[in-house]
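Index from 1, following the sequence.
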Amino acid sequence: MSWYTSWSYLPVNYNATIGTIENITQRTFFRNNLNGTHVKVKFSNRYGREPLILEKAVIGQKREGESEIAQTQVLTRRGEQRIVIGPGEEFFCDELPWKIQAGTEIVLSVYIRERTNVQSACSTWRAESWHTVYGENGDFTETESFEEKQSREVYPYVEADVNKADIAVGVSAICVFSEAEVTTIALFGDSITHMSYFADALGEVLYRDYPGRVTLVNRGIGGNRILRDASFVKDMPGEGACFGAAGAARFERDVYETEHPDYILMLEGVNDMMHPEFFGNLDESVTAAELAAGVEEIVKTAHRHESRIYLGTVMPFGNDEMPGCPRGEQVRGEFNAWLRTQRLADGLFDFDGALQDAERPKYLKAGLHIGDGLHPNEAGGAAMAAVVLAEGRQTDADHTDGIPGREDKGIHRKL
């Protein structure tokens, strides 16, 4: 019996106001694969500059195919219904007796009455494992339905972006107390992880095959790099702060702060290769050897925490409409060669080999990206999930419990 994370995302530090909200209800629906008896919610204002006040927060459940939101209960902190989250604060609400079954969506409705400038929030793009709707001009936390607005209609930052993210403010995790033994998988990386096309596709299969026995958490940050903090981008709102702290520096906190994953899938490095050339910061260029050293430290940290960690090769990022990154492409080839031969991690997923265009190996296959040659779309995410489910190749003969390949049957045997 233990607490497990049903859902969790990392709050983004936008370093700018992405929108101002007032007298609004935020309702978010979360895919859940846990059976449990109690629940607690982690509220977050990690990068906010002013207090975030939730006048009311109500949790409920929604079964597949049903419209009714059942088992609604008001969340409290120290017995108080009004929850004030100070700048930089994160904390769990009071634990609540609350039975739930795998396959039942968790519904969290929060009412924000006071005018609030939002600088920190969780975001997703595919919006399948979770999504948010908004009700303006009122408290609808215990109302079955209301006129729904999407994130792009509430946050000008989202509307201005080519890719329209789904936003959730004030919450970063939902944990369920379960009597079952549950395997936790953390996905660590950059936008390819953060955007959720890959993460959601993998979760769909694992949750279907192993109800109540596995949970997946997303630890991606768009634009993240392994070795350096956020790239400075003068013309971007927040000047690029949303790219986050260096992966090597944030890994331990972001992966182990709330949960202790059994398995970690890491895919990162493309921004270390691209950003120096793309944003004109050539003094921040890296070598494959430097990237390898950063990854080695991350692997050591994971093993110190007794997690198994699997690495992914960096996929192509060629695009005919954008300036090339010849130095970055050279580093990608050298880094992938190292990844394929290293024996530090518990396994490797060759995303590059599976998703590259055979005729143009510096490009992703047509139809597998959102149009920029870099970020996988829904089909690309499904192709990446298929790699994880089919390969699981071992890189250390001493490890026999890999994830989740058909060769060693690791996670299949465990689950």
Side-chain angles (χ1 to χ4, degrees), residues 1-9 26-44 54 56-83 85 90-111 122 128-132 141-142 144 168 170-186 199-200 203-219 255-263 306-307 411 414-415:
M1 296 185 293
S2 185
W3 286 99
Y4 296 99
T5 302
S6 171
W7 170 88
S8 181
Y9 265 65
Q26 171 186 277
R27 176 168 292 170
T28 310
F29 300 81
F30 306 92
R31 181 192 293 158
N32 166 65
N33 193 47
L34 299 180
N35 300 311
T37 58
H38 292 71
V39 68
K40 60 182 179 179
V41 173
K42 188 176 186 180
F43 292 112
S44 174
L54 311 182
K56 192 175 182 182
V58 176
I59 196 166
Q61 304 177 17
K62 184 175 176 293
R63 293 184 178 180
E64 186 176 0
E66 297 182 3
S67 59
E68 179 186 2
I69 300 175
Q71 292 201 49
T72 56
Q73 294 199 49
V74 176
L75 300 178
T76 60
R77 188 197 185 201
R78 299 172 182 166
E80 297 293 327
Q81 174 179 301
R82 188 172 185 260
I83 297 173
I85 317 170
E90 292 182 299
F91 50 76
F92 278 100
C93 70
D94 300 329
E95 297 173 10
L96 186 69
W98 195 68
K99 291 185 178 181
I100 190 167
Q101 294 182 332
T104 301
E105 274 190 317
I106 295 174
V107 184
L108 180 65
S109 303
V110 299
Y111 174 53
C122 296
E128 287 295 319
S129 64
W130 65 279
H131 69 278
T132 304
T141 53
E142 297 189 81
E144 195 68 42
V171 57
S172 63
I174 301 174
C175 297
V176 171
F177 189 80
S178 178
E179 297 180 357
E181 182 179 350
V182 178
T183 296
T184 299
I185 302 172
D200 287 3
E204 284 177 3
V205 176
L206 293 178
Y207 287 11
R208 180 197 67 206
D209 292 350
Y210 306 109
R213 297 165 63 187
V214 63
T215 189
L216 188 150
V217 295
N218 192 314
R219 289 292 172 263
V255 172
Y256 294 101
E257 184 178 44
T258 302
E259 50 273 322
H260 188 286
D262 301 281
Y263 299 107
E306 299 183 340
S307 300
I411 200 170
K414 182 178 178 63
L415 295 175

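- Ring-plane geometry between His131 and Phe29 is classed as parallel, the angle between the planes falling under 30 degrees on a 0 to 90 degree scale with a further cut at 60.
- Taking 4.5 Å as the limit, every side-chain heavy atom of Val110 sits out of range of all side-chain heavy atoms of Val171.
- Under the 6.0 Å distance and 45° angle rule, Arg77 does not count as a cation-pi partner of Phe43.
- For Glu306, the CD atom is loosely surrounded, since the number of other residues' heavy atoms within 6.0 Å does not exceed 12.
- Contact between Ser6 and Val176 at its shortest, heavy atoms only, is CB-CG2, 4.1 Å.
- Separation of atoms SG (Cys175) and NE2 (His38) is listed at 14.0 Å; rounding is to 0.5 Å.
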Discussion item. Using the rule given for side-chain contact (heavy atoms from CB on, under 4.5 Å), can you reason through Ser307 versus His260, listing the C-alpha separation, both sets of side-chain angles and the distance that settles it, and then say yes or no?
Written reply: CA-CA 8 Å; Ser307 300; His260 188 286; 3.8 Å; yes
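- In this structure, Trp98 has no ring pair (Phe, Tyr, Trp, His ring centres under 6.0 Å) partners at least two apart in sequence or on a different chain.
- Heavy atoms only, all atoms of each residue included: Ser8 and Ala173 are closest at OG-CB, 3.8 Å.
- How far CD1 of Ile174 is from CD1 of Ile59: 5.5 Å, rounded to the nearest 0.5 Å.
- Within 6.0 Å of CD on Glu179 lie no more than 12 heavy atoms contributed by other residues, nucleotides or ligands.
- Closest non-hydrogen pair, Glu142 versus Val74, comes out as OE2-CG2, 4.4 Å.
- Residues satisfying the side chain to side chain donor-acceptor pair (under 3.5 Å) criterion with Glu95, sequence neighbours excluded, are absent altogether.
- Put simply, the side chain of Phe92 reaches to within 4.5 Å of the side chain of Thr258, judged on heavy atoms.
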Fill in: From CA spacing to verdict: side-chain hydrogen bond (donor to acceptor under 3.5 Å, both in side chains), Thr183, Asp262
CA-CA 6 Å; Thr183 296; Asp262 301 281; 4.5 Å; no
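- The structure places CD of Gln71 at 9.0 Å from NZ of Lys99, a figure rounded to the nearest 0.5 Å.
- Within 6.0 Å of CD on Gln81 lie more than 12 heavy atoms contributed by other residues, nucleotides or ligands.
- Checking side-chain atoms of Thr72 against main-chain N and O of Gly60 turns up no donor-acceptor pair under 3.5 Å.
- Side-chain contact check for Arg31 versus Trp7: every heavy-atom pair is 4.5 Å or farther apart.
- Nearest heavy atom pair, residue Glu80 against residue Ile83, reads O-CG1, 4.2 Å.
- For the side-chain contact (heavy atoms from CB on, under 4.5 Å) with Val214, the qualifying choice from Leu206, Asp209, Leu34 is Leu206, the only one to do so.
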Worksheet entry | Verdict with reasoning, Phe91 to Ile85, per side-chain contact (heavy atoms from CB on, under 4.5 Å) | CA-CA 8 Å; Phe91 50 76; Ile85 317 170; 3.9 Å; yes
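- Checking Thr76 against Asp94 by side-chain atom types alone, a donor-acceptor pair falls below 3.5 Å.
- To the nearest 0.5 Å, atoms CG (Leu75) and NZ (Lys40) are separated by 13.0 Å.
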Worksheet item: Does the pair Leu96 and Val39 meet the rule for a side-chain contact (heavy atoms from CB on, under 4.5 Å), with working shown?
Response: CA-CA 5 Å; Leu96 186 69; Val39 68; 4.1 Å; yes
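- Taking the side chain as every heavy atom from C-beta outward, Val255 and Pro261 approach each other to under 4.5 Å.
- Among all heavy-atom pairs drawn from Lys62 and Val107, the shortest one is CB-CG2, 3.9 Å.
- If you take CG on Asn32 and CD1 on Ile100, they are separated by 4.0 Å, rounding to the nearest 0.5 Å.
- Here the side chains of Met1 and Thr37 are not in contact, with every heavy-atom distance at 4.5 Å or above.
- Note on ring orientation: taking the six-membered ring where Trp is involved, the planes of Tyr9 and Trp130 are perpendicular (angle over 60°, cut-offs 30° and 60°).
- Ser129 and Tyr207 are not linked by any side-chain donor-acceptor pair at a separation below 3.5 angstrom, with hydrogens and angles left out of the test.
- Two residues are said to be in side-chain contact when any heavy atoms from C-beta on lie closer than 4.5 Å; Asn33 and Pro211 meet this criterion.
- Separating the CD1 atom in Ile69 from the CD1 atom in Ile106 is a distance of 12.5 Å, to the nearest 0.5 Å.
- Taking all atoms of both residues into account, the shortest heavy-atom contact from Lys56 to Thr141 is CD-OG1, 3.4 Å.
- By the 4.0 Å N-to-carboxylate-O rule, Glu259 lies close enough to Arg219 to be salt-bridged with it.
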